[in-house]
Amino acid sequence: MYIREKIEEQIKQIMADALNKSVAGGAFSIETMPDLFLEMPREKEHGEYSTNMAMQLPKQTRKSPRYIAEALVENMETEGSYIDTVEIAGPGFINFKLKKIWQYSALEEISALKENYGRSTKNTGKTFNMEFISANPTGPMHMGNARGGAIGDILASVANWTGYEVTREFYINDAGNQIVKFGDSLDARYRQLLGEEVLFPADGYQGDDITEHMKDFIALEGDQHLALESHARKEILVEYALEKNLTQIKKDLETYGIHYDVWFSEQSLYDSGAIESTIELLKKGGFAYEQDGALWFKATSFGSDKDDVLIRANGLPTYFMADIAYHMDKFINRGFDRCINVWGADHHGHIARLKGALTAVEINPNQFEVVIMQLVRLLRNGEVARMSKRQGKAIALTDLIDEVGVDATRFFFNLRSPDSHFDFDLALAIEQSSDNPVFYVQYAHARICSIIRQMAEEVNDEVPMDLTRLIEKEEFHLLETLSLFPNEILLAEERLDPSRITRYTIELASAFHSFYNACHVRVEDFPLMNARVALIEATQQVIQNALGILGVTAPERM
RNA sequence: GCGCCUGUAGCUCAGUUGGAUAGAGCAACGGCUUUCUAAGCCGUGUGCCAGAGGUUCGAAUCCUCUCAGGCGCACCA
């Protein structure tokens with residue numbers, strides 16, 4: 001348990017005791033317990049913690065907030081606790097100021113836990129499935145996948161730091177309509193390249209990669225497949241190109257710093273019979289019915305405004321159908337406690353129906369959550385450019401990484417909360433200026449490493465370090481920021497918002513840079529110097545841990 | 001028409017799930033280096049929190065409506 005949690009628990013206990021004593025002493029009477037809620041006031045003068053408990057009670061006690069607060073404070077036993085002073089302020093806040101030693105405890109925790117500082121056991125023993133990107137394997141990864149990749153991968157790390165056993169998973173849409181289109185497109189290019197006059201399908205994939213695949217394929221196998229019946233030929237072409245694409249996708253994502261534990265094939269759901277058994281289950285439960293030759297799911301029974309097709313009149317299951325079977329596999333066959341998906345905003349309409357379907361097959365829909373990210377808008381020369389794989393104008397993920405670098409790409413795509421609409425200004429991202437906050441954070445880290453290198457010979461172990469010598473306001477601010485790291489990870493997990501970690505690194509770097517400009521580490525006074533060395537080592541450690549979660553490197557020199 | 005997301009400083013965004021005087025970065029201006037990395041630090045402004053009602057001790061935050069932008073509303077995914 002970290003120092004902040006210890007203190008918070010202690011204060012809550014003291015609050016509860018004071019409440020009981022006040023009631024026992026006849027100051028007022030209550031019917032229901034108020035929330036023992038602590039907040040961290042923005043203003044320094046209001047102390048480290050504050051509670052609005054007294055303001056929750058006037059209604060049931062018929063006393064004024066200030067009267068209640070005074071009674072509570074009078075009955076507070078703070079002896080031997082971290083609390084230094086208790087004050088009543090404003091309309092009835094009770095503010096707690098702490099003894100400064102608590103911040104030195106935070107520093108000691110970091111020195112002791114090192115690369116594990118920030119980890120917690122909140123979710124130990126539970127499993128967490130993180131599915132993200134899951135793009136059609138019909139072409140290379142593009143910039144639109146970069147945001148989902150960063151969010152999903154970092155959220156997975158965050159979950160792991162809170163104790164979850166995490167599985168990163170990519171769902172390969174290697175079945176269904178898109179694959180049919182893919183096959184049609186490949187086939188058309190194949191035949192065109194071999195001199196046949198064929199019309200390219202209007203809704204086909206027009207990207208150069210399709211043509212490239214077929215050039216390579218022809219170089220390997222010639223025109224021997226022209227004679228085949230079209231269906232059989234497409235199957236061969238798809239198998240060839242899919243394999244190529246997947247290999248490339250895996251390679252590109254590894255470059256981007258993403259490693260998946262599971263690559264789950266949609267086709268395997270058909271092969272294993274999972275689709276069929278899911279259909280049977282839905283039918284048996286009375287959640288599926290036939291109409292117009294199709295099989296429908298009664299989504300309206302679960303709050304949707306219309307039902308959805310499970311199996312088309314042509315006999316082919318829909319993507320929705322496969323998705324139900326897929327999530328049953330996650331929850332029932334593999335027993336995940338929690339499954340999180342990252343989806344683009346254009347898919348938000350699917351959440352309700354999939355949750356409905358999960359409810360139908362007796363899975364608690366609250367175990368399934370979707371992080372909706374707003375789509376990336378690409379700005380080129382101030383103009384909005386749409387990204388579309390079909391038009392072949394998408395900027396490839398690899399191109400983006402080549403130009404901007406992995407660190408900046410991941411950092412930038414996780415800088416804002418998934419909810420926020422995001423403009424990716426190509427010119428700005430390519431420009432490696434100080435506008436890019438990743439440099440700011442890395443610079444802080446490199447700066448510390450540089451000092452530590454130079455201090456290595458000078459640290460005097462004979463003289464004990466004295467942490468209580470750290471008294472400058474910049475030192476306290478840095479200590480306080482360091483102590484917030486475990487909190488930030490828990491908040492990022494609770495709110496499924498990994499961007500908090502990125503913003504935290506900026507805050508921490510800022511606190512360090514301020515310290516650096518105000519205080520010298522290399523001073524004559526050895527106890528102070530050793531304490532400051534401990535402080536910057538802790539800072540270095542936390543920056544390293546935080547950047548590690550982000551998948552961004554922490555350079556020792558810049 | 002219906003649903004979801006968004007609307008906060010000139011720009012990009014935070015805002016601890018309802019708290020006290022609404023904050024950062026960028027941009028603008030002015031300062032800081034005989035000493036550990038100036039890719040840094042310090043200082044100076046700006047707000048009808050889109051708008052109107054409501055809920056209560058208290059609202060950027062919750063509810064209703066209006067306006068603006070994005071995304072959905074397929075036997076596509």
Side-chain angles (χ1 to χ4, degrees), chain A residues 37-43 45-46 50-52 55-56 58-59 64-65 89-93 95 134-136 138 173 176-181 203 266 291-296 304-306 308-320 322-323 344-352 372-375 377 415-423 425 428 432-437 439-440 442-444 446-455 458 474 484 487-488 491 494-495 499-500 503 506-507 509-510 512-523 529 532-533 536 557-558:
Chain A
F37 178 71
L38 283 178
E39 60 178 299
M40 299 183 214
R42 192 161 14 90
E43 295 295 323
E45 299 85 60
H46 297 150
S50 173
T51 181
N52 61 356
M55 287 183 285
Q56 297 176 49
K59 227 171 219 170
S64 75
F93 291 103
N95 295 333
S134 295
N136 282 322
T138 49
N173 304 134
N177 248 324
Q178 298 297 326
I179 292 297
V180 172
K181 263 186 222 169
D203 57 350
E266 180 183 356
Q291 189 182 308
D292 304 330
L295 187 73
W296 294 73
S304 282
D305 46 5
K306 59 175 199 51
D308 294 292
V309 172
L310 293 167
I311 300 177
R312 303 180 185 94
N314 65 10
L316 290 176
T318 59
Y319 177 87
F320 174 48
D323 226 15
D346 53 340
H347 287 75
H348 69 76
H350 300 232
I351 300 172
I372 286 297
M373 60 164 190
Q374 296 300 317
L375 297 181
R377 227 169 39 151
L415 184 57
R416 304 302 178 200
S417 85
D419 265 350
S420 75
H421 295 88
F422 193 88
D423 289 342
D425 188 326
L428 190 77
Q432 295 209 3
S433 72
S434 56
D435 283 354
N436 201 332
F439 293 111
Y440 181 79
Q442 291 180 320
Y443 180 57
R447 235 181 182 182
I448 296 171
C449 290
S450 167
I451 303 171
I452 292 174
R453 275 196 300 273
Q454 293 170 55
M455 293 283 105
E458 300 185 32
E474 289 83 3
L484 281 170
N487 249 8
E488 279 304 318
L491 281 172
E494 274 165 30
R495 302 181 188 190
S499 70
R500 299 188 68 96
R503 288 193 300 274
I506 297 172
E507 237 174 81
S510 168
F512 168 73
H513 285 310
S514 295
F515 159 81
Y516 176 87
N517 277 275
C519 309
H520 258 257
V521 176
R522 185 194 298 207
V523 287
M529 184 185 88
R532 284 185 173 161
V533 168
I536 65 168
R557 291 169 206 271
M558 280 176 82

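Naming convention: chains lettered A, B, ... in sequence-line order (proteins, then strands); numbering from 1 in each chain. The figures that follow rest on heavy atoms only: side chains count, while hydrogens, waters and symmetry mates do not.
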Base, sugar-phosphate or nothing for [X]? Non-hydrogen atoms, less than 4.0 Å.
X      : answer
A:N95  : base
A:F320 : nothing
A:S417 : sugar-phosphate
A:F37  : sugar-phosphate
A:C449 : nothing
A:A345 : sugar-phosphate
A:A444 : nothing
A:D308 : nothing
A:A352 : nothing

>> Using 0.5 Å steps for rounding, measure from the OG atom of A:S50 to the CG atom of A:L38.
In response: 8.0 Å
> Measuring from A:N136:CG to A:Q178:CD, what's the distance to the nearest 0.5 Å?
Replying inline: 4.5 Å
> So, is the end of the A:R447 side chain (NZ or CZ) under 6.0 Å from the ring centre of A:F512 and within 45° of the ring's axis?
Replying inline: no
Which nucleotide in the set [options] lies at the smallest distance from any side-chain heavy atom of [X]?
X      : options                : value
A:D292 : B:rC75, B:rA14, B:rU37 : B:rC75
A:M55  : B:rU37, B:rG19, B:rC36 : B:rG19
A:R447 : B:rU37, B:rA14, B:rU6  : B:rU37

In whole Å, measure the gap between the [atom1] atoms of [N] and [M] for me.
N      : M      : atom1 : answer
B:rG47 : B:rA22 : P     : 11 Å
B:rU66 : B:rC73 : P     : 23 Å
B:rG69 : B:rC75 : C1'   : 32 Å
B:rG30 : B:rA14 : C1'   : 27 Å
B:rC49 : B:rU56 : P     : 22 Å

Nearest-Å distance for atom pair [atom1]/[atom2], residues [X] and [N]:
X      : N      : atom1 : atom2 : answer
A:Y440 : B:rC41 : OH    : P     : 4 Å
A:L415 : B:rG25 : CG    : C1'   : 9 Å
A:R503 : B:rC13 : CZ    : P     : 11 Å
A:Q178 : B:rA74 : CD    : C1'   : 13 Å
A:R532 : B:rU35 : CZ    : P     : 18 Å

So does [X] reach the base of [N] with its side chain, donor to acceptor, closer than 3.5 Å?
X      : N      : result
A:H348 : B:rC5  : no
A:N52  : B:rG19 : yes
A:S50  : B:rA20 : yes

>> Both A:W296 and A:S450 contact RNA chain B. Which one's nearest nucleotide lies toward the 5' end?
In response: A:S450
> Between A:R500 and A:D305, who's closer to the 5' end of RNA chain B by nearest nucleotide?
Replying inline: A:D305
> Base of B:rU66 relative to its sugar, syn (within 90° of 0) or anti?
Replying inline: anti
> Would you say B:rG23 has OP1 or OP2 under 4.0 Å from some side-chain N or O of A:R42?
Replying inline: yes
>> Strictly below 4.0 Å: does A:Y516 bring a side-chain N or O up to OP1 or OP2 of B:rA38?
In response: yes
